[in-house]
Amino acid sequence: MTSKTTLCLWYDGAALEAAQFYAATFPDSAVGAVHRAPGDYPSGKQGDVLTVEFTVLGIPCLGLNGGAAFRHSEAFSFLVATDDQEETDRLWNAIVGNGGQESACGWCKDKWGLSWQISPRVLTDAVMGSDKAAAKRAFDAMMTMRKIDVAAIEAAVRG
(Lines give C-alpha, C1' and ligand atoms only; values in the text may rest on other atoms or scores of the structure.)
Protein backbone atom coordinates (compact mmCIF):
# COMPACT_ATOMS: atom_id res chain seq x y z
CA MET A 1 0.00 0.00 0.00
CA THR A 2 1.52 3.29 -1.09
CA SER A 3 -1.22 5.80 -0.25
CA LYS A 4 -0.92 7.81 2.96
CA THR A 5 -4.68 7.52 3.46
CA THR A 6 -6.61 4.31 2.84
CA LEU A 7 -10.23 3.51 3.71
CA CYS A 8 -10.44 0.44 5.91
CA LEU A 9 -13.72 -1.41 5.38
CA TRP A 10 -14.74 -4.15 7.82
CA TYR A 11 -16.21 -7.41 6.52
CA ASP A 12 -17.35 -10.64 8.09
CA GLY A 13 -15.16 -12.98 6.04
CA ALA A 14 -16.13 -11.56 2.63
CA ALA A 15 -13.45 -8.90 1.98
CA LEU A 16 -12.02 -10.69 -1.05
CA GLU A 17 -15.46 -11.38 -2.57
CA ALA A 18 -16.47 -7.74 -2.06
CA ALA A 19 -13.21 -6.43 -3.54
CA GLN A 20 -13.61 -8.67 -6.59
CA PHE A 21 -17.19 -7.46 -7.09
CA TYR A 22 -16.17 -3.78 -6.83
CA ALA A 23 -13.27 -4.34 -9.25
CA ALA A 24 -15.59 -5.99 -11.78
CA THR A 25 -18.31 -3.33 -11.39
CA PHE A 26 -16.63 0.07 -11.15
CA PRO A 27 -14.11 1.67 -13.50
CA ASP A 28 -10.64 2.46 -12.12
CA SER A 29 -11.04 -0.36 -9.58
CA ALA A 30 -8.83 -3.37 -8.94
CA VAL A 31 -7.90 -6.02 -6.41
CA GLY A 32 -4.34 -5.79 -5.18
CA ALA A 33 -2.57 -7.84 -2.54
CA VAL A 34 -4.36 -10.48 -0.50
CA HIS A 35 -2.87 -11.03 2.95
CA ARG A 36 -3.48 -14.19 4.95
CA ALA A 37 -3.48 -14.36 8.73
CA PRO A 38 -0.14 -15.48 10.17
CA GLY A 39 -1.98 -17.02 13.12
CA ASP A 40 -5.43 -17.69 14.53
CA TYR A 41 -7.51 -14.65 15.44
CA PRO A 42 -11.00 -14.14 16.98
CA SER A 43 -12.90 -14.44 13.68
CA GLY A 44 -10.59 -16.72 11.73
CA LYS A 45 -7.78 -19.19 11.52
CA GLN A 46 -4.20 -19.07 10.38
CA GLY A 47 -4.11 -18.93 6.58
CA ASP A 48 -7.55 -17.32 6.21
CA VAL A 49 -7.77 -14.10 4.19
CA LEU A 50 -7.23 -11.36 6.76
CA THR A 51 -6.96 -8.24 4.56
CA VAL A 52 -7.36 -7.36 0.90
CA GLU A 53 -5.88 -4.28 -0.73
CA PHE A 54 -8.12 -2.87 -3.46
CA THR A 55 -9.20 0.32 -5.15
CA VAL A 56 -12.73 1.49 -5.89
CA LEU A 57 -13.01 4.27 -8.46
CA GLY A 58 -9.37 5.11 -7.75
CA ILE A 59 -9.86 5.24 -3.97
CA PRO A 60 -7.44 3.00 -2.05
CA CYS A 61 -9.19 0.62 0.33
CA LEU A 62 -8.27 -2.17 2.68
CA GLY A 63 -10.89 -4.86 3.31
CA LEU A 64 -10.48 -6.34 6.78
CA ASN A 65 -12.12 -9.66 7.63
CA GLY A 66 -12.73 -8.65 11.23
CA GLY A 67 -15.81 -10.77 11.94
CA ALA A 68 -19.38 -9.99 12.87
CA ALA A 69 -18.67 -7.45 15.63
CA PHE A 70 -19.18 -4.37 13.44
CA ARG A 71 -21.52 -3.65 10.54
CA HIS A 72 -21.55 -0.98 7.85
CA SER A 73 -24.10 1.81 8.26
CA GLU A 74 -25.56 4.57 6.12
CA ALA A 75 -23.34 7.01 8.03
CA PHE A 76 -20.65 6.10 5.46
CA SER A 77 -21.24 5.72 1.74
CA PHE A 78 -19.53 5.92 -1.61
CA LEU A 79 -21.01 8.70 -3.74
CA VAL A 80 -20.71 7.77 -7.41
CA ALA A 81 -21.37 10.55 -9.93
CA THR A 82 -22.78 9.07 -13.13
CA ASP A 83 -22.88 10.68 -16.55
CA ASP A 84 -26.19 9.31 -17.88
CA GLN A 85 -29.09 6.94 -17.30
CA GLU A 86 -27.21 3.99 -18.81
CA GLU A 87 -24.35 4.30 -16.31
CA THR A 88 -26.79 4.95 -13.45
CA ASP A 89 -28.78 1.83 -14.36
CA ARG A 90 -25.70 -0.34 -14.81
CA LEU A 91 -24.19 0.51 -11.42
CA TRP A 92 -27.50 0.49 -9.53
CA ASN A 93 -28.56 -2.81 -11.08
CA ALA A 94 -25.16 -4.39 -10.40
CA ILE A 95 -25.34 -3.51 -6.70
CA VAL A 96 -29.02 -4.28 -6.14
CA GLY A 97 -28.99 -7.32 -8.43
CA ASN A 98 -26.06 -8.88 -6.55
CA GLY A 99 -27.98 -9.33 -3.31
CA GLY A 100 -28.15 -5.64 -2.42
CA GLN A 101 -31.17 -3.54 -1.62
CA GLU A 102 -32.75 -0.34 -2.85
CA SER A 103 -33.24 2.69 -0.69
CA ALA A 104 -34.46 6.22 -1.43
CA CYS A 105 -33.05 9.15 -3.41
CA GLY A 106 -30.35 7.24 -5.29
CA TRP A 107 -29.10 5.27 -2.30
CA CYS A 108 -28.66 1.51 -2.25
CA LYS A 109 -26.72 -1.05 -0.22
CA ASP A 110 -24.57 -3.85 -1.50
CA LYS A 111 -24.98 -7.36 -0.11
CA TRP A 112 -22.29 -6.68 2.49
CA GLY A 113 -24.21 -3.69 3.86
CA LEU A 114 -22.04 -0.94 2.37
CA SER A 115 -24.04 2.08 1.20
CA TRP A 116 -23.73 3.63 -2.25
CA GLN A 117 -25.21 6.84 -3.66
CA ILE A 118 -25.58 6.44 -7.41
CA SER A 119 -26.17 10.05 -8.38
CA PRO A 120 -26.34 11.38 -11.94
CA ARG A 121 -24.41 14.61 -12.44
CA VAL A 122 -27.57 16.23 -13.87
CA LEU A 123 -29.17 15.90 -10.42
CA THR A 124 -26.23 17.41 -8.57
CA ASP A 125 -25.94 20.22 -11.11
CA ALA A 126 -29.66 21.00 -10.78
CA VAL A 127 -29.82 20.93 -6.99
CA MET A 128 -26.62 22.96 -6.60
CA GLY A 129 -27.45 25.34 -9.46
CA SER A 130 -28.23 29.04 -9.25
CA ASP A 131 -31.87 28.64 -10.40
CA LYS A 132 -33.51 28.08 -7.02
CA ALA A 133 -36.92 27.19 -8.50
CA ALA A 134 -35.38 24.55 -10.78
CA ALA A 135 -33.28 23.27 -7.86
CA LYS A 136 -36.42 22.80 -5.76
CA ARG A 137 -38.27 21.04 -8.58
CA ALA A 138 -35.31 18.67 -9.14
CA PHE A 139 -34.98 18.06 -5.40
CA ASP A 140 -38.70 17.37 -5.01
CA ALA A 141 -38.59 14.94 -7.95
CA MET A 142 -35.57 13.15 -6.43
CA MET A 143 -37.40 12.75 -3.13
CA THR A 144 -39.99 10.52 -4.87
CA MET A 145 -37.39 8.19 -6.42
CA ARG A 146 -35.37 5.17 -5.50
CA LYS A 147 -33.00 4.87 -8.49
CA ILE A 148 -32.63 8.32 -10.04
CA ASP A 149 -34.49 8.83 -13.31
CA VAL A 150 -32.41 11.25 -15.40
CA ALA A 151 -35.26 12.13 -17.79
CA ALA A 152 -37.56 12.94 -14.85
CA ILE A 153 -34.90 15.18 -13.27
CA GLU A 154 -34.35 16.97 -16.59
CA ALA A 155 -38.10 17.45 -16.96
CA ALA A 156 -38.33 18.83 -13.41
CA VAL A 157 -35.54 21.30 -14.14
CA ARG A 158 -37.39 22.52 -17.26
CA GLY A 159 -40.54 22.91 -15.19
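Taking every heavy atom of both residues into account, Thr88 and Pro120 meet most closely at OG1-CG, 3.5 Å. In this structure, Ala138 and Ala126 approach most closely via the heavy-atom pair CB-CB, 3.6 Å.
By the criterion of side-chain heavy atoms lying less than 4.5 angstrom apart, applied directly or through intervening Ile, Leu, Val, Met, Phe, Trp or Tyr residues, Val80 is grouped together with Val96 in one hydrophobic cluster. Tyr11 is connected to Val52 through a chain of hydrophobic side-chain contacts under 4.5 Å among Ile, Leu, Val, Met, Phe, Trp and Tyr, so both are in one cluster. Linking Ile, Leu, Val, Met, Phe, Trp and Tyr residues whenever their side-chain heavy atoms come within less than 4.5 Å places Phe76 and Leu91 in a single cluster. Follow the hydrophobic side-chain contacts under 4.5 Å out from Leu123 and you never reach Ile95; the two are in separate clusters. Note on Val122: it clusters hydrophobically with Ile148, by side-chain heavy-atom contacts below 4.5 Å among ILVMFWY residues.
The shortest distance between side-chain heavy atoms of Leu114 and Lys109 does not fall below 4.5 Å. Residues Glu53 and His35 have side chains in contact (heavy-atom distance under 4.5 Å, counting atoms from C-beta outward).
Atom CH2 in Trp92 sits 4.5 Å away from atom SG in Cys108 (nearest 0.5 Å). Distance CG/Leu9 to OG1/Thr51: 12.0 Å, rounded to 0.5 Å. To the nearest 0.5 Å, the span separating CD on Gln101 from CH2 on Trp107 amounts to 13.0 Å. Taking CZ from Phe21 and CG from Asn98, the interatomic distance works out to 4.5 Å, rounded to the nearest 0.5 Å.
No donor-acceptor pair under 3.5 Å is formed between the side chain of Asn93 and the backbone N or O of Gly97. The main-chain N or O of Ala81 is never found under 3.5 Å from a side-chain atom of Ser119 such that the two would form a donor-acceptor pair.
Scored by the side chain to side chain contact (heavy atoms under 4.5 Å, CB included) test, Lys45 finds Asp40, Asp48 as partners (sequence neighbours excluded). Looking at residues two or more places apart in sequence or on another chain, you find a side chain to side chain contact (heavy atoms under 4.5 Å, CB included) between Gln20 and Leu16, Val31. Considering only residues two or more places apart in sequence or on other chains, Phe26 meets the ring-ring contact (aromatic ring centres under 6.0 Å, His included) condition with Trp116. Residues meeting the salt bridge (Lys or Arg N to Asp or Glu O under 4.0 Å) test with Asp89, sequence neighbours left out: Lys147. Residues passing the salt bridge (Lys or Arg N to Asp or Glu O under 4.0 Å) test with Glu102 are Arg146, sequence neighbours excluded. For the ring-ring contact (aromatic ring centres under 6.0 Å, His included) test, residues two or more places apart in sequence or in another chain that qualify with Trp10 are Phe70. By the side chain to side chain contact (heavy atoms under 4.5 Å, CB included) test, Ala37 is found to be paired with Tyr41, Leu50, residues two or more places apart in sequence or in another chain being considered. Considering only residues two or more places apart in sequence or on other chains, Gln117 meets the side-chain hydrogen bond (donor to acceptor under 3.5 Å, both in side chains) condition with Ser77. The side chain to side chain contact (heavy atoms under 4.5 Å, CB included) search around Thr144 returns none, not counting sequence neighbours.
With a 6.0 Å radius and a threshold of 12 heavy atoms from other residues, nucleotides or ligands, Phe78 has its CZ atom above the threshold.
Applying the side-chain hydrogen bond (donor to acceptor under 3.5 Å, both in side chains) definition to pairs two or more places apart or across chains, those involving residues 120-138 are Asp83-Arg121, Lys136-Asp140.
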Please tabulate, for the side chains in residues 59-66, all donor-acceptor contacts under 3.5 angstrom to protein atoms that are two or more places apart in sequence or on a different chain.
{"residue": "Asn65", "atom": "OD1", "partner": "Gly13", "partner atom": "N", "Å": "3.2"}
{"residue": "Asn65", "atom": "OD1", "partner": "Ala14", "partner atom": "N", "Å": "3.1"}
{"residue": "Asn65", "atom": "OD1", "partner": "Ala15", "partner atom": "N", "Å": "2.9"}
{"residue": "Asn65", "atom": "ND2", "partner": "Val49", "partner atom": "O", "Å": "2.9"}

Run the side-chain donor-acceptor check on residues 150-159: report pairs under 3.5 Å with partners two or more places apart or on a different chain.
{"residue": "Arg158", "atom": "NH1", "partner": "Glu154", "partner atom": "O", "Å": "3.4"}

(Q) Apply side-chain contact (heavy atoms from CB on, under 4.5 Å) to residues Met145 and Cys105 and explain how you reach the verdict. (A) CA-CA 5 Å; Met145 299 175 187; Cys105 304; over 6 Å; no

